[in-house]
Every structure is written in structure tokens, then in C-alpha cells.
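Notes for the one structure printed next.
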Amino acid sequence: MKMESWNRGNDKSFIKILYPKQDRGITFLKIDTTMWQYVPKIEKTIKIPSSMMMQSWMGSDFTNDDMAKESSIVEDYNPQLTAEDANKYTLTLLPKPDAPVVWGKIVMEVEKEHFIPLRAIYYDEEGGVQRILTYSGVKVYGSRYLPTVMTLIPQDKKSNKTVVTMDEVDFNALIEDERFTKNALIRYSR
Amino acid sequence: MILFKMAVRELLTHKKRSIVTLALSTFSTALFIFANALNNGSHNQIIRSSVEIYPGYMQITNRAFEDNPNFDNLIFDAANVTKILHKIDEINASAVRFEAYALYSTDEQSIGGMFTAIEPENEAHVSRLKRSLVEGEYLSRDDTNALYLGVELAKRLGVGVGDKLSFISTGADYSFAADNLVVKGLFKTKLYEFDNTAGFVNKGYFDEVMQSRNIATHIIMTPTDVKQIDTVTQKVQNALEADLEVKNYKTTLEDLILAMEIDTIFGYITLGIFFIVIFFVIGIFAFLSVYARIRQIGVLRAIGTTPKQVMRMLLIEAMILGCLSVGLGGAAGAYASHHYEKYPIEIASLVDVDAQEYAKQYNMVAEATFPAEFNPPRILMDMLIMMLLNLMTVLYPILLINRFTPTEAIRYV
């Protein structure tokens, strides 16, 4: 699958599917924690309800929640530095008492020099590892260091793997406000 | 014979006493049989409804599907499995299903629910889906884009028969699937949670949009004889590949069956209390009636009647009353069981309020009718228990009375 994505901060994002052919033109809009999807085949804009947030996104191992970032690792979790070595910090993120999240714990490893995420291990409430997200392919964009490859392996389906590779990244690009409206779902679908 | 004649004469002489004992025992027998029949009948109905509405008597799944119900653990050659099933005489009907999850969407609402493919004609033989139609039409094998929807889900989506809605889902190959649907029919099964989440389409159409040709999550079967279900389950299992698993309703509805068994135990405890009360009432009556005749028994002993003969005479009396009352009560109980098996008791008002809430909470069928079970062997067993109970009630008075010497008995005031 190939897609384009436009983001403004953490609150607004727009995704357009380019490939495969049968899915071309499917668009997603996320504003704050709300997500819509436009499906050209049925000419319909669908709001993704909260109950569907943990469902698979486009058949991948990522969930709608991952795409919408409905739950935020900054706002919904309390971080704790649990280990440190010469190259990386290990943070344990525990959900805040009333946070609407599904993970019981997230353990994140962050590279020390440029604060680049290396790995995130997601645990369920019983303490079992559910999935492991690995970051790699760090590229430099001006003063930014960005891992351009994300590999997600669900632990209940270890034969599965979803790899997201960022081919091109453009920071500080001018994005028109209209991009983050529901009308854009249809307009930019073509 | 003389003892029998004496017993009969004694019963006829004290008609009032005999009639009261007879009536008490007859009523108890009838009530006991009917209470048992109603208890068993209701349990059978709840289990039957829960099985037949959707889960089915027997099912085949991929062995790994229960622990990991994803699209990697499916039945990947459903046609071959169906072919094998056709060769097994003990299987009366079978139907292929593909259960998926979809987001149903109208202009106003988007709600997640079950999105299941069925073979409409075969499905009608393994579940009550077709019979649960309340509006519009059931599915047919040529349908495309036609949705058979639970009434409660339809209410939440705000759609009725003829209305359009869309779905998005993930296909069997994990591809993105979406299409527009038209509501063809609405069903109501009385299983609230099911009516609130389920939608069905024709499998031929589903296979096109969900890339699931010849693939199934479940194959549901009905055995020719439900009583032989464990044997048939094993036979089907032996005929299939090892990666497929056959289960019957005793496993798939294990919790419900356990709940019914627990309820049966509580029913027996209630009946046990009932037994104790009846035992004491009849026992006291027997005790008083024997003690009222202590002087008469003293005379009989004085003219040469042995304690054993006295015991036999009193047992014959109890036997005569017992046979009559158990016979009459048994007939009345059997008639009531038979009648209410054919014409179940209806308590619609109860179902409208409390029972529906209870059923919603426990995802059980909210039954408005309570049938009895007419089961002759069980009725005969209940009659035998009541007969023994009748005989036991006179044992203690007999033992007490035989302790008296003839002189003590004659002088007893």
C-alpha cells in the first residue's frame, strides 16, 4: 500500500491511499480525536466511532487508534524512567487513572543523543506483550532526526508484520486549512 | 386375604379420615409431577431456543479459531467439508457461515456489528434465523447487496426495510472491503444482544466483496437424532482433517447448560423442602389415625393377631391409599404435564418487564411461555417416589404401636 499524509501538529492529519488500485482514493481525516473516512467506491464519508478505534486500519496490524492518535502517550500516560545505559533511555508509560486507553503499559526505548524512538513494547492489562513497534532507518531532515521505517509485529500473530516506510518527508510545508475539513475527504480523493 | 379385607373395612369405616389422607396424597403427587415437568420443560425450552436461534447443535471451526478468531484460522476448503458431511447419514442439515465484523454506516450513524455471510436456504435448516423474520423478506441465494438485519441494530442505525446503508470491513485476505447495502428484512430472535449487533448477507455476494470464496469461519450442522449428538460429533470429527474441530452445543453453550443444571439442583432443593413438609403432614395424619385405633389393635392382639400381622394390615391400608392417591395424582400430574407441553403457560406480562431485563443482562432468550415436559418414564419415577413416601409415613406409627402389649393397648385412653 502507498499513501500520502499531511499533518499539522498532533491534532490534524489527512491521509490519502494511492495504491493498490482498488483502494486508491480512500481518504482519512483526523481532527483532534475524531476520525472520518471517505470511500469513493460507495461515495460515502463515514465517521469512525470510538468503539472501532482498536480495529485494524486498512487490514494492517496498525489500528484506527494508531492512525487517529485518539489516545496520546503524552496526555494519557504517566512516564517513568526505569532504565538507562550509554545509548538509550527506557521509559515505562503507565496509563493515568481515567485515561480512555487499552494498553496496560507501554515500554519505550529512546535513543539518548537525538531522542529518537527505538522501540515501543505494548502490554495488555494482564501484563502480556501484545505488540512490538520498532523504529529504524533514521534520516536527517535539517536539524531533525526521523526514523523513517516503523515495523509493527503483533505478538498473537507473529507471522504478521506491518512495515511503514516514509519515502519523502517535507517539514514546514504550506498546507491549506481546507485540507483539514470534511469536504477535503471527497475533493482530494480524486 | 383376611388382612386385606380388614384393611378395606377399616378404610371404609373411617371414610372422612381416608378421604382427607387420599386427597392430601393425591394433590401432593400431582403437584410434584407437574412441578418437575414444568422445571424440566422450561429448561429444555431455554436450551433448545438458545441452540436453535443461531449457534446450532453442532459446529465445525478451525481448531485454532477459538483462541485466535482471526482470518488466519479459517476453514479453507468449505466445499470439501460439506461434501464429507453429505456422506454422513447422521447429519440432517449443514450450512456454511463466514462471520466478520463491520462498521455499518448511514448518513447519521456509524455502528460496529457482526457482518455474517450465510447460505440462506441451508441456514433455514440449522437455525431459526428465517423464522425470526418480522418485517420484509428473508435472504435468497441470488441476493446481492441485500441485508437481513436485527431489529435492535436497525433501530440504532435508524433504518427500516428498503433503506440504504453502507458497510466497511476487512476481507478474508485482509484487504479493505466496503459496499452499499439495502435492508431486505428485519429479524427478531428474542436474544437482545444478537438482535442488537447482527446483520446477514447472502454468502455468494459476501464472497465477492470479502474475498472469501470457499472459505468459512463456521459450518453449522443439525444431527438427525439430537439424543445421539455426542456419538455423531465424534463421527464427524473422525471424518475430518485434524486441523478442524467439531463441537456440539454441550461445549459451545457450556455456561448456559451449567446454569440450567444449577437451577435444576435448586429446583430439587425446593422439592426436597416440599417433600419434608408433605412427609410430615401425611405422617402426622397417619400417626393420628393409627393412634386413634390403639384399643382396637389391642383387642386384635388379644385374640391372637401377631405384631407382624398388625404391621401388614396397616401397610396394606397405606398401600391401598397410596396406590389410589398416587394413581389419581399421577394421572392428574401426567395430564397437566401433557396439556402444558402442548399449550405452554403464558406469562407475557412478566416477560414484558423483569424477564426481558434479566434476559438482556444474561444474553438469554426472554421466553413468554413456559412449557411442561411430558416424559412418561420420569412421571413413573415420580409416582414411585410418592408411593414410597406414603409407605414410609406409616412405618413409625407401626413401630410405636407394636411396642404396646395387648393389655396396655386395650387400656390405652
Side-chain angles (χ1 to χ4, degrees), chain A residues 1-3 15-29 34-65 67-68 128 130-131 152-162 182 185-186 189, chain B residues 62 64-74 76 99-115 144-145 147 153 156-159 163-182 193 196-197 199 201 205 208-212 215:
Chain A
M1 178 183 290
K2 245 185 161 176
M3 62 189 185
I15 297 169
K16 180 181 176 181
I17 307 294
L18 303 174
Y19 181 86
K21 196 179 168 191
Q22 72 264 23
D23 296 337
R24 183 181 171 81
I26 294 175
T27 50
F28 293 88
L29 171 68
T34 311
M35 190 174 178
W36 291 268
Q37 174 177 10
Y38 174 72
V39 184
K41 183 187 170 190
I42 56 174
E43 297 179 343
K44 194 138 195 167
T45 301
I46 295 167
K47 186 183 173 193
I48 311 291
S50 296
S51 59
M52 293 286 286
M53 279 300 172
M54 292 315 290
Q55 294 296 310
S56 160
W57 182 80
M58 295 295 292
S60 71
D61 295 306
F62 285 95
T63 63
N64 289 320
D65 185 74
M67 308 311 289
Q130 289 298 298
R131 58 183 207 173
L152 183 66
I153 302 175
Q155 296 302 291
D156 58 340
K157 289 180 273 180
K158 286 190 176 171
S159 57
N160 282 22
K161 182 165 78 173
T162 300
K182 278 175 74 180
L185 283 165
I186 302 171
S189 163
Chain B
N62 185 302
F65 188 76
E66 186 177 346
D67 292 333
N68 290 305
N70 56 52
F71 293 165
D72 296 328
N73 301 318
L74 301 173
F76 290 104
E99 289 183 359
Y101 192 73
L103 181 65
Y104 294 105
S105 180
T106 63
D107 290 339
E108 288 79 32
Q109 285 278 12
S110 293
I111 296 172
M114 266 175 66
F115 180 57
T144 57
N145 304 76
L147 180 66
L153 181 55
R156 286 201 292 152
L157 285 164
V159 293
D163 288 343
K164 289 179 183 169
L165 73 163
S166 311
F167 79 87
I168 58 171
S169 185
T170 302
D173 60 351
Y174 291 100
S175 62
F176 178 78
D179 207 352
N180 292 316
L181 300 166
V182 176
E193 198 51 38
N196 197 30
T197 53
V201 293
Y205 159 73
E208 294 299 317
V209 288
M210 299 285 279
Q211 312 300 323
S212 58
I215 303 174

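Lettering of chains follows the sequences in order, A, B, ..., and the numbering in each one begins at 1.
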ring-ring contact (aromatic ring centres under 6.0 Å, His included) assessment of F115(B) paired with Y101(B)
CA-CA 5 Å; F115(B) 180 57; Y101(B) 192 73; over 10 Å; no
Region of [X] in contact with chain B, defined by heavy-atom distances below 4.5 Å:
X       : answer
I26(A)  : side chain
D156(A) : both
M58(A)  : both

Below 3.5 Å, can you tabulate the donor-acceptor pairs from side chains in residues 64-71 of chain B to any protein atom, sequence neighbours excluded?
unit_1	atom_1	unit_2	atom_2	d
E66(B)	OE1	K247(B)	NZ	2.1
N70(B)	OD1	D72(B)	N	2.9
N70(B)	OD1	N73(B)	ND2	3.4

S105(B) side chain to S110(B) side chain, donor-acceptor N/O pair below 3.5 angstrom
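A donor-acceptor contact under 3.5 Å links the two side chains.
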What I want to check is whether the side chains of D179(B) and Y205(B) have a donor and an acceptor closer together than 3.5 Å.
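A pair is found: one side chain offers a donor N or O, the other an acceptor, under 3.5 Å apart.
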Heavy-atom proximity to chain A below 4.5 Å, by part of S169(B)
neither
Looking at I168(B), D173(B), T170(B), which has the largest count of heavy-atom pairs under 4.5 Å with chain A?
I168(B)
Any salt bridge (Lys or Arg N to Asp or Glu O under 4.0 Å) involving residues 38-63 of chain A? Give me the pairs, sequence neighbours left out, ordered by first then second residue.
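Listed once each, the pairs are K44(A)-D107(B).
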